[in-house]
Amino acid sequence: MTINNAMNVSSSGLSAERFRMDVIAANIANANSTQVGNQEPYRRKDVVLSSGPDGVQVSGVEDDQTPFVQKYDPGNPNADINGYVKGSNVQPINEMVDMMSASRAYEANVAAFNTEKGMVKAALSIGKV
């Protein structure tokens with residue numbers, strides 16, 4: 001593996017973790033959404049990452065199939081016959097844990113990239129007098 005390849009791997013990791021943080025932020029923003037009419041509430045999204053020859057790649061974004069939360073609210077105009085309203089399947093605590101994990105992975109990729117950059121600088125300074 002060359003230095004350039006190592007930098008590409010770190011930068012792909014940065015991009016993937018940034019995308020993951022964006023999806024997690026969207027999940028948190030929609031955590032309190034409810035069913036409106038016949039439309040389902042927001043369904044949590046999960047990022048699928050895979051490894052490749054050039055580093056980390058986003059394979060896709062999948063919907064979490066966890067059942068929706070049912071809240072008893074008979075006064076809500078969107079309640080069903082039994083008085084229940086469907087809510088999003090997003091758990092904000094779990095999303096914050098995922099956000100911390102993505103943030104730490106992002107920081108690790110920044111550190112690796114900076115180390116690689118330092119190695120390139122040191123290699124270039126060898127010829128200087």
Side-chain angles (χ1 to χ4, degrees):
M1 175 178 275
T2 66
I3 292 289
N4 193 30
N5 287 355
M7 291 178 118
N8 287 340
V9 169
S10 292
S11 65
S12 72
L14 289 170
S15 297
E17 293 303 334
R18 175 62 194 184
F19 183 79
R20 189 170 156 223
M21 285 190 275
D22 289 343
V23 170
I24 292 168
N27 287 342
I28 292 170
N30 290 292
N32 292 322
S33 70
T34 60
Q35 174 182 2
V36 178
N38 292 334
Q39 191 175 27
E40 286 188 335
Y42 179 83
R43 189 171 285 280
R44 180 183 176 273
K45 309 282 187 255
D46 196 21
V47 177
V48 179
L49 302 177
S50 62
S51 62
D54 296 327
V56 181
Q57 297 160 349
V58 176
S59 296
V61 178
E62 296 179 349
D63 288 342
D64 184 357
Q65 296 304 315
T66 305
F68 292 117
V69 175
Q70 299 257 342
K71 299 176 186 174
Y72 184 71
D73 187 5
N76 190 317
N78 295 315
D80 64 11
I81 295 171
N82 299 322
Y84 288 94
V85 178
K86 284 184 185 176
S88 175
N89 63 349
V90 174
Q91 297 294 325
I93 299 293
N94 295 344
E95 296 301 316
M96 291 305 296
V97 170
D98 287 348
M99 181 69 82
M100 290 172 58
S101 170
S103 177
R104 297 286 188 249
Y106 188 89
E107 290 171 4
N109 280 297
V110 167
F113 189 86
N114 286 336
T115 300
E116 293 152 6
K117 188 169 71 172
M119 290 169 57
V120 169
K121 282 184 181 180
L124 291 173
S125 68
I126 290 173
K128 289 184 181 180
V129 176

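What you see below is based on every heavy atom in this structure, not just the backbone, and it leaves out hydrogens, waters and symmetry mates.
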Engineer: Over all heavy atoms of both residues, which pair between V58 and V47 is shortest? Give the atoms and the distance, please.
Structural biologist: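 Heavy atoms of V58 and V47 come nearest at CG1-CG1, 4.0 Å.
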Engineer: Could you report the tightest heavy-atom contact between N27 and E95, atom names first, then the distance?
Structural biologist: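 Scanning both residues completely, I find the closest heavy atoms to be ND2-OE1, 3.2 Å.
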Engineer: When you measure from the side chain of S33 to the backbone N and O of Y42, does any donor-acceptor pair fall under 3.5 Å?
Structural biologist: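 Here the side-chain-to-backbone pair exists.
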Engineer: Measure the spacing between NZ of K71 and NZ of K86 and express it to the nearest 0.5 Å.
Structural biologist: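 Taking NZ in K71 and NZ in K86, the distance rounds to 14.0 Å.
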Engineer: Report the residue from R43, K45, R44 that forms a salt bridge (Lys or Arg N to Asp or Glu O under 4.0 Å) with D63.
Structural biologist: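 Filter result, single survivor: K45.
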Engineer: Can you name the closest pair of heavy atoms from S88 and P41 and give their distance?
Structural biologist: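 Reported closest heavy-atom pair: N-CB, 3.8 Å.
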Engineer: Donor-acceptor pair, S12 side chain versus V56 backbone, under 3.5 Å?
Structural biologist: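 Confirmed, S12 side chain pairs with V56 backbone.
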Engineer: Any non-hydrogen side-chain atom of F19 less than 4.5 Å from a side-chain atom of L49?
Structural biologist: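 In short, these two side chains do not touch, never coming nearer than 4.5 Å.
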Engineer: Decide yes or no for Q35 and E40: does some side-chain heavy atom of the first lie under 4.5 Å from some side-chain heavy atom of the second?
Structural biologist: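 No, side chains not in contact.
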Engineer: Are Y84 and V69 connected in the hydrophobic side-chain network, where two residues link if heavy atoms are under 4.5 Å apart?
Structural biologist: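 No; V69 is not reachable from Y84 via cluster members.
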Engineer: Determine whether a donor-acceptor pair (N or O, by modelled atom type, separation under 3.5 Å) exists between the side chain of T115 and the backbone of A111.
Structural biologist: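 It does hold such a pair.
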Engineer: Any chance you could lay out the side-chain contact (heavy atoms from CB on, under 4.5 Å) test for L14 and N109, step after step, and finish with the verdict?
Structural biologist: CA-CA 6 Å; L14 289 170; N109 280 297; 3.7 Å; yes
Engineer: Flag yes if M100 and I24 sit in one hydrophobic cluster, no otherwise; membership is Ile, Leu, Val, Met, Phe, Trp, Tyr, and two members link when side-chain heavy atoms are under 4.5 Å apart.
Structural biologist: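 They do not share one cluster, since no chain of ILVMFWY contacts under 4.5 Å joins M100 to I24.
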Engineer: Can you establish whether the number of heavy atoms outside E62 located under 6.0 Å from its atom CD is more than 12?
Structural biologist: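 Check fails, neighbour count at 12 or below.
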Engineer: What's the separation between atom OG in S101 and atom CD in E17, rounded to the nearest 0.5 Å?
Structural biologist: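 One gets 7.0 Å once the value is rounded to the nearest 0.5 Å.
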Engineer: Do other residues, nucleotides or ligands put more than 12 heavy atoms under 6.0 Å from the CG atom of D64?
Structural biologist: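 Above 12, so yes.
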Engineer: For D73 and V85, indicate whether the former's side chain and the latter's backbone hold a donor-acceptor pair under 3.5 Å.
Structural biologist: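 A pair under 3.5 Å: no.
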Engineer: State, to 0.1 Å, how close M7 and E116 come at their nearest heavy-atom pair, and which atoms those are.
Structural biologist: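 Closest approach of M7 to E116, heavy atoms only: CA-OE1, 3.2 Å.
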Engineer: For A102 and M21, work out which heavy atoms get closest and say how close.
Structural biologist: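 Nearest heavy atoms, A102 then M21: CB-CG, 3.6 Å.
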Engineer: Between I28 and V90, is any pair of side-chain heavy atoms under 4.5 Å apart?
Structural biologist: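 Not in contact.
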